[in-house]
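Notes for the one structure printed next.
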There are 2 protein chains.
Amino acid sequence: MSRRSGILEFAVLGLLREAPMHGYELRKRLNTSLGIFRAFSYGTLYPCLKTLVASGWLIEEPGSAPEEALASSLAGRRAKIVYRLTPEGKEHFEELLSHTGPDAWEDEHFAARFAFFGQTEREVRMRVLEGRRSRLEERLEKMRASLARTRERLDDYTLELQRHGMESVEREVRWLNELIESERAGRDQRPDTGAPHDNDSGETGGLPRHGGSTRPDPSDDTTK
Amino acid sequence: MSRRSGILEFAVLGLLREAPMHGYELRKRLNTSLGIFRAFSYGTLYPCLKTLVASGWLIEEPGSAPEEALASSLAGRRAKIVYRLTPEGKEHFEELLSHTGPDAWEDEHFAARFAFFGQTEREVRMRVLEGRRSRLEERLEKMRASLARTRERLDDYTLELQRHGMESVEREVRWLNELIESERAGRDQRPDTGAPHDNDSGETGGLPRHGGSTRPDPSDDTTK
DNA sequence: AATTTCATGTAATTCGTTACATGATTCC
DNA sequence: GGAATCATGTAACGAATTACATGAAATT
């Protein structure tokens, strides 16, 4: 039960795994670096951090201020809180990363998963990418069917909207195909004809050259 | 104040302008014909219909059943309700159609507006299309700036996600450019007054040939 | 006769935003 | 010394979902 989307929770855990941070900075990273897929407000973030602490996945640490901590034991001292992932939190995040089922195929969930692909194994990445692709293909099937049923009853603009929508989905499928291709090529290694050029070596995962997300919307940086 | 998004309300009014319908059918059209941009559940739709009735924009009429109406004056008779737009509702919808300000540039709002372009004048369409384009260009600017600031700190997958996201937005801008171009080319035009016209011929507005929406997600037809 | 699809609704819950309230620090 | 930005939080509200509850009509 309880169908919670948990995207914010997931992203917070993932970001804190890289380094401890306080809420304000976390939110900025959520909305810019990772902001491709979603913008979050403080009204969402701070309460979320508190529940993550209550779950034992994060701990609060006194903020960056160097000396002041001991001198001012008095009341109003508004804390600057740095959040750090606990071992349990790390474990929990890894557990979340291992879920490759249907939930991870959905628009925003998928984007969040993809943003943390750097912390997963190739096998997991493959399952998520392929799952996403199959989800989109189902979608296309439905759109095509619906279009076929209703085509003549719709006006030009509605039709154009549907057409563009379908093309967007088709485009993402192509993107996924390339990503999957790259993942496969990943470590097995290409038959490569010649010259082992060193410059941009490494590249363990192998990414293609374009980009993409499902729903871009950083919207605004300054809360407003 | 009260910042309500009103997309559902808008779409219901727009669909009922073409023809009276009952809730069930309305929901299907919302999720298939128009479903490109959003799926709605009954838990959302039915209460919304009631408030639209309370506002005087719709009236409820006895359902399609032919004879039965007079015979069974007794209790439990679950009604089949057909909703029809009142003159006030029509007026209200036209008033909504005339808003071409910033709200109409946003992702889902824009898609909803576009879906009813057939019922607007060219001048209004132009303002909405150009507004949408400027909104996307701002977005691109922010994304580019953010990318420039953080590029080297991000891993390949995050970068790839951002790249694909930006390309999606750029693609939509190109689509808008073509639409704007077509609008300019296609002389004056019909604000179409409801009623399903058989399309094809004419090509009054002048549409380009691809398709597109901001956020495809009919997700499922069968509620669950 | 049973199943699917049509058809309408309500209650509890989830997820998130806006507006408010407060204050520290840094830049100009 | 004033503005911008950093920093943390809460309360009221909004929009929508899911699960529940009910039942009629059409199809197999």
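So that the names make sense, note that chain A is the first sequence line, chain B the second, and so on, each numbered from 1.
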Please report, rounded to the nearest Å, how far the P atom of dC15(C) is from the CZ atom of Phe10(A).
-> 16 Å
Protein-nucleotide distance (Tyr42(B), atom OH; dC20(D), atom P), rounded to Å = 17 Å
From the list dT8(D), dT17(D), dC6(C), which nucleotide is the closest neighbour of the side chain of Lys28(B)?
-> dC6(C)
Nearest to the side chain of His22(B), which nucleotide is it out of dA7(C), dA7(D), dA16(D)?
-> dA7(C)
Which whole-number value in Å describes the distance from His109(B) NE2 to dG14(D) P?
-> 16 Å
Between dT17(D) and Ser41(B), is there an OP1 or OP2 to side-chain N/O distance shorter than 4.0 Å?
-> yes
Please identify each residue that fulfils ring pair (Phe, Tyr, Trp, His ring centres under 6.0 Å) with Trp57(B), with sequence neighbours left out.
-> His92(B)
Atom-to-atom span, CG of Asn31(B) to P of dA16(D) - whole angstrom | 12 Å
Could I get the full list of salt bridge (Lys or Arg N to Asp or Glu O under 4.0 Å) partners for Arg84(B), not counting sequence neighbours?
-> Glu61(B)
Sequence neighbours excluded, which residues qualify as side-chain contact (heavy atoms from CB on, under 4.5 Å) partners of Val53(A)?
-> Leu58(A), Glu60(A), Tyr83(A)
Could you give the OH-to-C1' distance, from Tyr24(B) to dA24(D), as a whole number of Å?
-> 12 Å
Hey, which of these two, Lys50(B) or Leu8(A), hits DNA chain C nearer its 5' end, going by closest nucleotide?
-> Lys50(B)
To the nearest 10 degrees, the angle between the two end axes of the helix from dA1(C)-dT28(D) to dC28(C)-dG1(D) (five pairs per end) comes to 40°
With sequence neighbours left out, write down each residue that passes side-chain contact (heavy atoms from CB on, under 4.5 Å) with Glu94(A), or none if nothing qualifies.
-> Arg17(A), Lys90(A)
Kindly determine whether Glu88(B) and Phe93(B) satisfy side-chain contact (heavy atoms from CB on, under 4.5 Å), including the steps that lead there.
-> CA-CA 9 Å; Glu88(B) 293 77 29; Phe93(B) 181 67; over 6 Å; no
Side-chain contact, heavy-atom cut-off 4.5 Å: Gln162(A) with Arg144(A)?
-> no
Gap between atoms OH and P, on Tyr46(B) and dA15(D) respectively (whole Å) | 21 Å
Quick one: side chain to side chain donor-acceptor pair (under 3.5 Å) partners of Glu123(A), sequence neighbours excluded?
-> Arg127(A)
Starting at atom CG of Leu45(A), determine the distance to atom C1' of dT10(D), rounded to an integer number of angstrom.
-> 14 Å
Return no unless some side-chain N or O of Thr44(B) is found under 4.0 Å from OP1 or OP2 of dA15(D).
-> no
Gly43(B) near the nucleic acid: base, sugar-phosphate alone, or nothing, with a heavy-atom cut-off under 4.0 Å?
-> base
From CE of Met21(A) across to P of dT8(D) the rounded distance in Å is 12 Å
If you check every side-chain atom of Lys80(A), which of dT8(D), dG9(C), dT18(D) has the closest atom?
-> dT8(D)
